[in-house]
Amino acid sequence: MSWDRSSMPAQGGRTAVVTGANSGLGYEASLALAGHGADVVMGCRSLDRGRTAAEEIRERLADGPAWASAPDAGSLTVMALDLGDLDSVASFAETFAADFDELHVLCNNAGVMAIPRGETADGFERQFGVNHLGHFALTGHLLGALRDTAGETRVVTQSSGVHEQGSINFSDLQHEAAYDKWGAYAQSKLANLLFAYELDRRLDAAGAAVVSVGCHPGYADTNLQARGPEAEGATVRLYAMKLANALFGQSATRGALPMLYAATAEGVDGGDYVGPGGLLNMRGAPAKQASSDLSYDEDAADRLWDVSEALTGVTYDLPEA
Ligand SMILES: NC(=O)c1ccc[n+]([C@@H]2O[C@H](COP(=O)([O-])OP(=O)(O)OC[C@H]3O[C@@H](n4cnc5c(N)ncnc54)[C@H](OP(=O)(O)O)[C@@H]3O)[C@@H](O)[C@H]2O)c1
C-alpha cells in the first residue's frame, strides 16, 4: 500500500486533539491535519514551545504545500497540557469543552523514553505516568465530546515496537523496587496498547460510534531519543543516538503516517494496530499489523483498566466488555 499525507481525506469541519504537538510526530501530525483543513488543538506542556511550533506550521501552510488539500488550512489552537500532572489534564479538558463543541479525533501521542527514574506531580513513575496514565485520564475526560460528535470518531494511541519487550508488573507498576529505564518504557508502551484495545472493546459493548486504534511509527528521527542521554549528561551516547537517527531513522514526516492513517483513513476498524509496513516494520508506508500476544490479553487489560481508574480517579461511563 502506498499512503502518504497527500492521501489523507479532507478534514474540513473536523476537530482533532494532538498531544505532544510541538515536536516530532505530534508536530507533523498537526501540520498534516491542518493542511487538510482540520481544526487542530495542540496539547503542549510548554505554551512557548507550542506557540512557536504553531507559528511555524502556519508559515509552512501559507506556502501552499503540494500535499495539502485544503485551500484554507484549518486552525491551530495551542493549549497547555502536562500529562504528568492530572490537574493539568483536567484543566485542558475543561478549556477544550469551553471552546469546542465537537471532537472527531484524539491522538494520544506525547511520550518520553528511557529517562532516569522520576515522578509525575501525582507521584507516578514518569514514563508510566506520562505515556499511559496521563492519556488514560485525558481520554476519559474527552470521551463525552467524542461520543456527542456526530458520525464515527476515533481515539488513536501511539505505542512503539518496544511494547513487544514489555510486560505489566502489577506488583511494582511504578518501578519502586527496581528501575530499568527501558523496561519502564516497554511497560508503558504495552500499557498504551492494552488500553487502546480495551477501550475499543468497551466502546463496542456500549454501542458507541467511537473507535479506538493503536499505532506505532517504526523508527523516526525525532527528539525522543535524545531526552534520556540529555537527562543523564551522557554526551557520547547523545551523539551516538543522533548518528543512529540520521543513519537508520525515517523522517518524522514519514513516522507520523501510521498515526495519521489510523486517525483519518477509510477502512480502519476499532482494535486495529497500524505501523510502517516496510523493512522490519521500522519504516515505510502505513499498514495494519499484529501486536504482541500480551497486548491482546483481555484479563491484563481489564486489570490495568481498574488500576488506572483507581490511580487517576478518572472513571469511564462504559460497560465492561
Ligand atoms: N521517534 C520514534 O522512533 C518513536 C518510536 C516508537 C514510538 N514513538 C512514540 O512516539 C511518540 C512521539 O514521540 P516523538 O518521537 O515525536 O518524540 P519527541 O519529538 O520527543 O516528541 C514528544 C512530545 O511529547 C511531549 N511530552 C513529553 N512529556 C510530556 C508531558 N509530561 N506532557 C505533555 N507532553 C509531553 C514533548 O514535549 P516537549 O517538547 O515539551 O518535551 C513532545 O512534544 C511517543 O509516544 C513515543 O513513545 C516514537
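Whatever order the structure lists ligands and atoms in, that order sets their numbers, starting from 1. Atom set for the values below is all heavy atoms of this structure, side chains included, hydrogens, waters and symmetry mates excluded.
Those atoms of ligand 1 with a heavy atom of Gly84 less than 4.0 angstrom away are 31 (N). Within ligand 1, counting atoms from 1 as listed, the ones closer than 4.0 Å to a heavy atom of Gly24 are 16 (O), 19 (O). Those atoms of ligand 1 that come under 4.0 Å of a heavy atom in Gly20, given as number and element, are 23 (C), 24 (O), 25 (C), 43 (O).
Checking only distances, Tyr219 never comes within under 3.5 Å of ligand 1, N or O to N or O. For a threshold of 3.5 Å applied to N or O pairs, the pair formed by Pro217 and ligand 1 contains no separation below that value. The N/O atoms of Gly26, backbone and side chain alike, include none that comes under 3.5 Å of an N/O atom in ligand 1.
Among all protein heavy atoms, the one lying closest to atom 34 (N) of ligand 1 is Ala110 CB, 3.6 Å. Nearest protein heavy-atom neighbour of atom 40 (O) of ligand 1: Arg49 NH2, 2.7 Å. Of the protein's heavy atoms, Leu224 N, 3.2 Å lies nearest to atom 20 (O) of ligand 1. Protein heavy atom at the shortest distance from atom 16 (O) of ligand 1 is Leu25 N, 2.8 Å. The protein non-hydrogen atom at the shortest distance from atom 22 (C) of ligand 1 is Gly111 O, 3.7 Å. Ranking the protein heavy atoms by distance from atom 33 (C) of ligand 1 puts Leu81 O, 3.2 Å first. Shortest contact from atom 41 (O) of ligand 1 to any protein heavy atom: Arg45 NH2, 2.6 Å. Nearest protein neighbour of atom 43 (O) of ligand 1, counting heavy atoms only, is Asn22 OD1, 2.7 Å.
Residue contacts with ligand 1, taken as heavy atom pairs separated by less than 4.0 Å, involve Tyr185 solely via side-chain atoms from C-beta onward. Contact annotation for Asn109 and ligand 1: heavy atoms of both the backbone and the side chain come within less than 4.0 Å of the ligand. The backbone and the side chain of Leu83 each have at least one atom closer than 4.0 Å to an atom of ligand 1 (non-hydrogen atoms only). Counting heavy atoms under 4.0 Å from ligand 1, residue Lys189 touches it through the side chain alone.
Among His216, His135, Gln158, the residue whose heavy atom sits closest to atom 9 (C) of ligand 1 is Gln158. For the residues Thr157, Thr222, Asn223, Thr19, the heavy atom positioned nearest atom 15 (O) of ligand 1 is part of Thr222. Compare Ser159, Ala80, Ser23, Gly161 by their heavy atoms: the one nearest to atom 19 (O) of ligand 1 is in Ser23. Nearest residue to atom 5 (C) of ligand 1 from Ser160, Gly218, Ala220, Ala53 is Gly218 (criterion: closest heavy atom).
Side-chain contact of Ser212 with Tyr197: a donor-acceptor pair under 3.5 Å is absent, judged by distance alone. Remark: the Tyr185 side chain and the Gln165 side chain contain no N/O donor-acceptor pair separated by less than 3.5 Å. Thr19 and Asn109 form no side-chain donor-acceptor contact under 3.5 Å, judged by distance and modelled atom types alone.
Contact check on Lys181 versus Glu232 returns a salt bridge, with a Lys/Arg side-chain nitrogen under 4.0 Å from an Asp/Glu carboxylate oxygen. For the pair Arg58 and Glu56, the salt-bridge criterion is not met [side-chain N within less than 4.0 Å of a carboxylate O]. Using a 4.0 Å cut-off between a side-chain N of Lys or Arg and a carboxylate O of Asp or Glu, Lys288 and Asp269 qualify as a salt bridge.
For Asp82, the heavy-atom gap to ligand 1 drops under 4.0 angstrom. Between Val112 and ligand 1 there is a heavy-atom distance shorter than 4.0 Å. Taking a 4.0 Å cut-off on heavy atoms, Gln225 registers as neighbouring ligand 1.
Under the 6.0 Å cut-off for aromatic ring centres, Phe128 and Phe136 do not qualify, their centroids lying 6.0 Å or more apart.
A 6.0 Å sphere centred on CG of Asp306 holds more than 12 heavy atoms belonging to other residues, nucleotides or ligands.
Gln289 places a side-chain N or O within donor-acceptor distance of the main-chain N or O of Pro276, the cut-off being under 3.5 Å. Tyr316 places a side-chain N or O within 3.5 Å of a backbone atom of Gly140 that can act as its donor or acceptor partner.
Looking at Arg126, Gln187, Arg117 one by one, the single match for side-chain hydrogen bond (donor to acceptor under 3.5 Å, both in side chains) with His175 turns out to be Gln187.
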Donor-acceptor contacts, no H, no angles, side chain residues 92-108, under 3.5 Å, sequence neighbours left out:
from: Thr95; atom 1: OG1; to: Ser91; atom 2: O; distance (Å): 2.8
from: His104; atom 1: ND1; to: Thr15; atom 2: N; distance (Å): 3.0
from: Asn108; atom 1: ND2; to: Thr139; atom 2: OG1; distance (Å): 3.0
from: Asn108; atom 1: ND2; to: Thr157; atom 2: OG1; distance (Å): 3.3

Step-by-step salt bridge (Lys or Arg N to Asp or Glu O under 4.0 Å) determination, Lys189 to Glu164: CA-CA 9 Å; Lys189 291 286 129 179; Glu164 291 175 24; over 6 Å; no
Side chain to side chain donor-acceptor pair (under 3.5 Å) between Ser171 and Asn169, worked out: CA-CA 5 Å; Ser171 60; Asn169 183 357; 2.8 Å; yes
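Heavy-atom minimum distance, Thr264 versus Met8: OG1-CG, 3.7 Å.
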